[in-house]
2 protein chains.
Amino acid sequence: MTVRELNSWTEIREELHRRINDRIWQPGETIPGEADLAEEFGCARTTVSRALRALAEAGLVTRRRKAGTRVAVNPPHKATFTIPIIREEVEARGAAYSHSLLKRVEAGLPPQLHAAFPVGEGARLLFTETVYFADDRPFMFEERYTNLDAVPEFGTIAFDLITPNEWLVQNAPYTSGDLTCYAANAGERLSRFFEVAQETPLFVMERATANQKVPITHVRMSYQPGYRLRTRF
Amino acid sequence: MTVRELNSWTEIREELHRRINDRIWQPGETIPGEADLAEEFGCARTTVSRALRALAEAGLVTRRRKAGTRVAVNPPHKATFTIPIIREEVEARGAAYSHSLLKRVEAGLPPQLHAAFPVGEGARLLFTETVYFADDRPFMFEERYTNLDAVPEFGTIAFDLITPNEWLVQNAPYTSGDLTCYAANAGERLSRFFEVAQETPLFVMERATANQKVPITHVRMSYQPGYRLRTRF
DNA sequence: TAGTGGTCTAGACCACGGA
DNA sequence: CCGTGGTCTAGACCACTAC
């Protein structure tokens with residue numbers, strides 16, 4: 001059997017992927033080192049390294065110095081969601097986009113949010129409430145606390161043309177964050193907005209962002225009934 | 001001002017990240033080419049390339065040949081969820097794990113799943129229903145259709161020690177998939193399992209996997225009331 | 001301590017795609 | 001066309017860590 005020379009890292013990645021899928025290398029087994037594979041494929045070690053790094057990022061193999069590269073036993077299911085800008089998401093559905101600022105007031109942080117959004121006691125927070133529409137029907141309901149000590153300019157914006165979210169995305173960079181998804185009943189207030197029963201289940205996302213440990217904003221987004229967050233992998 | 005020489009790709013990534021955060025390079029602006037940056041930092045172009053690739057994967061910049069590298073205007077919010085093995089998730093909470101197979105029958109695919117799980121008409125499907133417990137309290141309820149034409153051996157397994165999911169993870173590799181999250185009411189059946197009102201909102205995930213376009217399995221996972229899917233970025 | 005992956009270099013060629 | 005990013009090479013040194 002003649003081994004075809006593979007010299008592109010994507011080809012090598014696919015070949016290694018195939019060997020794992022076909023159980024040529026068993027789960028938990030240590031596969032040959034970079035140098036050996038490079039020799040087999042007739043390419044530089046760097047190229048093999050690139051392919052193996054891609055497989056490691058995908059979770060198919062685990063790599064450790066000295067111990068070598070092993071086929072993952074339980075390849076973790078990883079899924080990357082791209083949280084779209086609401087405006088783009090609505091327009092992608094072919095609907096007309098609009099939004100409306102319902103509330104804008106300096107307020108204290110509800111106690112239950114202290115863990116998720118650790119601002120100090122004396123922090124100045126602006127609370128905003130925004131509804132996003134698709135074809136004049138409510139699409140998403142947003143409740144947001146923003147740290148004015150971190151982004152003072154946020155307090156001076158009229159959110160008629162731009163949304164709080166869009167302004168923050170463009171003007172308040174963040175370095176880390178936390179995202180949570182859960183299900184909740186619409187309840188009294190949201191049931192009126194979405195014109196459904198109070199017991200209607202809604203998909204809710206909460207996101208907190210921070211810049212170098214300085215809390216920027218915390219937002220709860222309640223989506224219209226039937227909303228689905230979807231991704232392929 | 002003396003420019004400190006940066007010769008590690010992570011240092012360079014951080015420096016470029018800082019310049020973007022500090023608006024030294026405006027959103028939408030084209031930043032210097034790899035060769036220029038390499039000269040500035042006193043390192044090889046490969047190293048700058050590595051740093052820029054990382055920023056591109058994070059969505060902070062967009063890169064195109066000839067056009068160069070631009071600072072992203074609306075950095076997309078990306079979040080990677082790691083869908084854990086239920087056994088590990090339960091044990092990570094310090095609870096005792098167990099599971100129970102409730103049902104196991106060859107069945108046809110419900111019409112509403114045809115879009116998400118495109119098996120042919122004559123496909124042999126095994127339907128399994130499994131409850132996962134944490135400390136003897138129901139944690140997750142799983143309804144699964146598995147394509148026996150793709151993984152015949154699946155039909156011969158007694159799922160007392162291993163769960164359908166674990167068996168598939170270890171024995172049926174997949175190359176692509178689709179993940180959907182939404183909120184749903186418990187309804188009659190699940191309300192009895194979780195011992196809650198029928199109107200209780202539950203967090204639901206549906207996952208379909210395929211190997212080279214051959215559908216493998218479709219699973220709906222309904223989590224206990226109050227469950228939250230969480231990730232940091 | 002020795003073996004393995006991780007990284008950096010200097011140079012080269014190539015592929016894409018804007019002008 | 002031709003500039004830019006994408007990739008490959010051969011070699012070197014380093015960092016981590018299992019043994």
Side-chain angles (χ1 to χ4, degrees), chain A residues 3-20 24-73 75-76, chain B residues 3-20 24-73 75-76:
Chain A
V3 176
R4 185 166 66 100
E5 296 234 331
L6 305 180
N7 49 6
S8 91
W9 73 270
T10 50
E11 282 176 344
I12 292 175
R13 166 168 54 74
E14 290 314 309
E15 170 61 14
L16 299 178
H17 191 23
R18 188 188 67 75
R19 294 186 187 181
I20 292 171
I24 294 173
W25 292 323
Q26 301 289 326
E29 185 180 342
T30 300
I31 75 174
E34 293 186 352
D36 294 335
L37 291 171
E39 189 180 4
E40 175 190 347
F41 293 134
C43 68
R45 183 167 77 93
T46 317
T47 309
V48 173
S49 185
R50 182 92 162 81
L52 283 171
R53 195 198 316 149
L55 292 176
E57 284 169 1
L60 271 77
V61 299
T62 56
R63 318 192 72 195
R64 267 178 313 181
R65 288 163 148 110
K66 170 73 176 178
T69 302
R70 287 166 172 270
V71 178
V73 181
Chain B
V3 176
R4 183 165 67 100
E5 296 234 331
L6 304 179
N7 50 5
S8 93
W9 72 270
T10 49
E11 282 175 345
I12 292 174
R13 167 168 54 75
E14 291 313 310
E15 170 62 15
L16 300 177
H17 191 21
R18 188 188 65 77
R19 294 186 187 179
I20 292 171
I24 293 173
W25 293 323
Q26 301 288 327
E29 183 178 344
T30 300
I31 75 176
E34 293 187 351
D36 295 335
L37 291 171
E39 188 180 6
E40 175 190 347
F41 293 133
C43 68
R45 181 167 80 91
T46 317
T47 309
V48 174
S49 187
R50 182 94 164 81
L52 283 170
R53 193 197 320 148
L55 292 176
E57 284 169 2
L60 270 77
V61 300
T62 57
R63 318 193 70 194
R64 267 178 313 181
R65 287 165 150 106
K66 171 72 177 178
T69 301
R70 288 168 173 269
V71 178
V73 181

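Order of the sequence lines sets the chain letters (A, B, ...), proteins ahead of strands, with each chain counted from 1.
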Task: A:Arg70 side-chain N/O to A:Gly28 backbone N/O, donor-acceptor pair under 3.5 Å - done: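 It does hold such a pair.
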Task: Cationic N near anionic O, under 4.0 Å, B:Arg53 to A:Glu57 - done: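 No, B:Arg53 and A:Glu57 are not salt-bridged.
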Task: B:Glu15/B:Arg19 ion pair, N-O < 4.0 Å - done: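 Yes, B:Glu15 and B:Arg19 are salt-bridged.
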Task: Toward the 5' end of DNA chain D, by each residue's nearest nucleotide, A:Thr10 or A:Arg45 - done: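 Per heavy-atom nearest nucleotide, the more 5' residue is A:Thr10.
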If you round to the nearest 0.5 Å, how far is [atom2] of [Y] from [atom1] of [X]?
| X | Y | atom1 | atom2 | value |
| --- | --- | --- | --- | --- |
| A:Ile24 | A:Leu16 | CD1 | CG | 10.5 Å |
| A:Leu37 | A:Thr47 | CG | OG1 | 12.0 Å |
| B:Glu14 | B:Leu55 | CD | CG | 8.0 Å |
| A:Ile31 | A:Asp36 | CD1 | CG | 10.5 Å |

Open item on the list: With a strict under 4.0 Å distance from non-hydrogen atoms of chain B, what nucleotide opens and what nucleotide closes the contacted stretch of DNA chain D, reading 5' to 3'?
Closed with: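 Boundary nucleotides touching chain B, in 5' to 3' order, are D:dG3 to D:dT7.
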Open item on the list: At 4.0 Å (heavy atoms only), tell me whether A:Thr47 reaches a base, stays on the sugar-phosphate, or touches nothing.
Closed with: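 A:Thr47: backbone/sugar contact only, no base atoms under 4.0 Å.
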- [ ] Give the rounded distance in Å between these two atoms: CZ of A:Arg70 and C1' of C:dG5.
- [x]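 Whole-Å distance recorded here is 14 Å.
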What pairs of nitrogen or oxygen atoms, one from the protein and one from nucleotides 15-19 of chain C, lie under 3.5 Å apart?
from   : atom 1 : to      : atom 2 : distance (Å)
C:dA15 : N3     : B:Arg65 : NE     : 3.0

Task: Given DNA chain C, 5'-ward residue of the pair A:Ser49 and A:Gly68, judged by closest heavy atom - done: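 Closest to the 5' end, via its nearest nucleotide, is A:Gly68.
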TODO: Assess whether atom CZ of B:Arg64 is packed by more than 12 heavy atoms of other residues, nucleotides or ligands within 6.0 Å.
DONE: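 No - once you tally the heavy atoms of other residues, nucleotides and ligands closer than 6.0 Å, there are 12 at most.
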